[in-house]
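Right, one structure below, let's go through it.
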Amino acid sequence: MSSVTTDPAGGYRPSSVSGIAGASGRIMRASAVAIVALVLLPIAALVFTAAQSSGDLWPHILRNVLPVAITDTALLAIGVGLIAGTIGTGTAWLVAVCRFPGRGIFEWALLLPLAIPTYIQAYVYVDAIHPLGPIPTAIRAALGMTNPRDLWLPEVRNLPGCIVLLGLVLYPYVYLPARAAFLVQTASALDAARTLGHGATGTFFRIALPLARPAIAVGVTLALMETVNDIGASEFLGVQTLTLSIYSTWLNRSSLPGAAQIALFMLLVMIALVMLERWGRRHICHANVGARSRPPMRRQLAAGQATLAFLACLLPVALGFLLPAGHLVHAAYGRYMFNGLPETVFVEALNTALFAAIGTALALGCGLLLAIAARTGTVRSSRLLRLAAVGYAVPGTVLAVGLLVPLAGFDNLVSSTVQSLGGTATGLILSGSGAALIIAYVIRFLAIPVGALETGYEKVGMTLDMAARSLGERPGGVVRLIHLPLLRPALGTAALLVFVDCMKELPATLMLRPLNFETLASHVYSEAARGSYEDGAFAALLIVLVGLIPVILLARLSRPRHDQEPSSGRSR
């Protein structure tokens, strides 16, 4: 029977499990450190590249580019944060504590906009509300108008339009954690507020909202990260963000140091954003809800209030998903009837699936190795997992610029070495083969499997490891026979989320894909840049359909396990 050692938390675990000894432990430790080094490599390379001289371009950037980019990015982030926070928090409160017609459907339908990437949302709305688009045409036909100028619809190709469209797509990032926070609040706290004379509005603002503020802050921060990372929607709608400035400085001005300098500034903004979110909830205490705590009972709304609640939940679903998805179906059908299926869409779909699958497999493998290393105590878990998750906070454009220098240096080193040995130049092994794009996928989305597996391991008690080790099982056998079967749901969820995120990722794909290589995302971007939206409808529709899979999964996983109503049999 294996010896036991004291766990820092006060428990006991086998010494052979708390640290894998010998060569296996050293290999695992070295592999974990190598993965974290890979995540940090683009940031270090970014600093190195930004320190190089960009000639007379930096004064021009500082004087003419950064002021506009910083202003537009700040206004865009503030606007999207307000819209996503308001819609996400308000709808989460309604479905969590109120009863009205359609509440059960909206509980999962409010997540549907997550299936539509921001750039597709922008392309769809510009095409749909064009004076000759389907929406104005249908409205004019219903009103008996013949002149397109007789009907006015708001313009979306500006900063306010970009704020609204991104807010309609990103509010589920706030809705999901806010709804979970409202569901776990005890009824006693809300009842106490009512006994002190507060109505429903006062109870919400004085009790429920402050208690849910940490979850809301996390959701808003995620929405802002996606906003800052966006490049397709902001470029198409005429908003000069920092992300777009990096892209244009690198490609249009052929200045990698200048792009790196903007990217480094943008990375500092992202770090400040995360630190601000943590600072804002530093004094918030979390009260544990006991097993006997009574969850809040849903309040039946009056007829007028129920109608308003129904419309408040219907509007973001309709504008954020139903309208753009319906337009994509209409455009794809029209394109098919006119000219059949696009010849390249299947090749692009295969390219997208192949690269996303490779990136997903590598991200899961790296995440599993890090989680096992943290579980067995081979390395310090908290620091390791925190560093491995840094990539998710790095926008795709920043990551692409940071990867260029080290990967190009590796390609040049291999090529010169092979030539010196009497061979021929090998060319761009990583930069030109698509390996750079896969590496970017792994670094950017590694936080997803790391987080999922860390949560999954919390449900796997150390007693199982102790029992297996006491029966003579080796550490590898413990992982294979016990950990992996129990972690299968977490692995499946993480794999699905990483795969879809790789499919939708646009900034890194545009900057790192090989020449003459198209994915569904880059195809949609190219068609939108040419103004031929209908030709990209099939590719956009495929992305949306694949994106629906994790949304459905999230809806199932986020559904409460117990009925929130008292056992009176009343309708939900």
Atom [atom1] in [X], atom [atom2] in [Y]: separation rounded to 0.5 Å?
{"X": "Thr352", "Y": "Ile543", "atom1": "OG1", "atom2": "CD1", "value": "7.0 Å"}
{"X": "Glu505", "Y": "Asn229", "atom1": "CD", "atom2": "CG", "value": "5.5 Å"}
{"X": "Thr241", "Y": "Ile231", "atom1": "OG1", "atom2": "CD1", "value": "7.0 Å"}
{"X": "Phe499", "Y": "Thr360", "atom1": "CZ", "atom2": "OG1", "value": "6.5 Å"}
{"X": "Leu453", "Y": "Leu491", "atom1": "CG", "atom2": "CG", "value": "5.0 Å"}
{"X": "Asn351", "Y": "Ser522", "atom1": "CG", "atom2": "OG", "value": "8.5 Å"}

Spell out, as yes or no, whether a donor-acceptor pair under 3.5 Å connects the side chain of [X] to the backbone of [Y].
{"X": "Thr493", "Y": "Ala490", "answer": "no"}
{"X": "Asn412", "Y": "Ala408", "answer": "yes"}
{"X": "Thr86", "Y": "Ile83", "answer": "no"}
{"X": "Gln52", "Y": "Pro257", "answer": "no"}
{"X": "Arg513", "Y": "Thr519", "answer": "no"}

**Worked check of side chain to side chain contact (heavy atoms under 4.5 Å, CB included) between Tyr525 and Tyr119** = CA-CA 8 Å; Tyr525 176 85; Tyr119 53 90; 5.9 Å; no

**Item:** Pair Asp230, Thr118: side-chain N/O donor-acceptor within cut-off below 3.5 Å
**Value:** yes

**Prompt:** Does one side chain, of Glu518 or Thr344, offer a donor that lies under 3.5 Å from an acceptor on the other?
**Reply:** no

**Working for side chain to side chain contact (heavy atoms under 4.5 Å, CB included), residues Val498 and Tyr441** = CA-CA 9 Å; Val498 174; Tyr441 287 161; over 6 Å; no

Quick one, [X] and [Y] - any side-chain contact, counting heavy atoms below 4.5 Å?
{"X": "Leu237", "Y": "Asn158", "value": "no"}
{"X": "Pro117", "Y": "Ile120", "value": "yes"}
{"X": "Val68", "Y": "Asn64", "value": "no"}
{"X": "Leu242", "Y": "Val228", "value": "no"}
{"X": "Leu114", "Y": "Leu176", "value": "no"}
{"X": "Met225", "Y": "Tyr173", "value": "no"}
{"X": "Pro177", "Y": "Val218", "value": "no"}
{"X": "Leu111", "Y": "Phe321", "value": "no"}

**Message:** For a side chain to side chain contact (heavy atoms under 4.5 Å, CB included) check, start with the C-alpha distance between Val390 and Val36, then their side-chain angles and the critical distance, and finish with the verdict.
**Reply:** CA-CA 9 Å; Val390 167; Val36 174; over 6 Å; no

**Asked** How are the rings of Phe517 and Phe355 set relative to one another: parallel (under 30°), tilted (30 to 60°) or perpendicular (over 60°)?
**Response** tilted

Minimum heavy-atom separation for [X] and [Y], please, with both atom names.
{"X": "Ala32", "Y": "Leu369", "value": "N-CD2, 3.7 Å"}
{"X": "Val220", "Y": "Gly81", "value": "CG1-CA, 4.3 Å"}
{"X": "Val239", "Y": "Leu244", "value": "O-CD2, 3.6 Å"}
{"X": "Ala45", "Y": "Gly402", "value": "CB-O, 3.1 Å"}
{"X": "Gly88", "Y": "Ala178", "value": "O-CB, 4.5 Å"}
{"X": "Leu46", "Y": "Ala263", "value": "CD1-CB, 3.7 Å"}

**Message:** Which residues pass the side chain to side chain contact (heavy atoms under 4.5 Å, CB included) test with Val500, not counting sequence neighbours?
**Reply:** Lys504, Val546, Pro550

**Request:** Take Met266 and Thr73 through the test side chain to side chain contact (heavy atoms under 4.5 Å, CB included) and record every step on the way to the result.
**Result:** CA-CA 10 Å; Met266 184 175 173; Thr73 302; over 6 Å; no

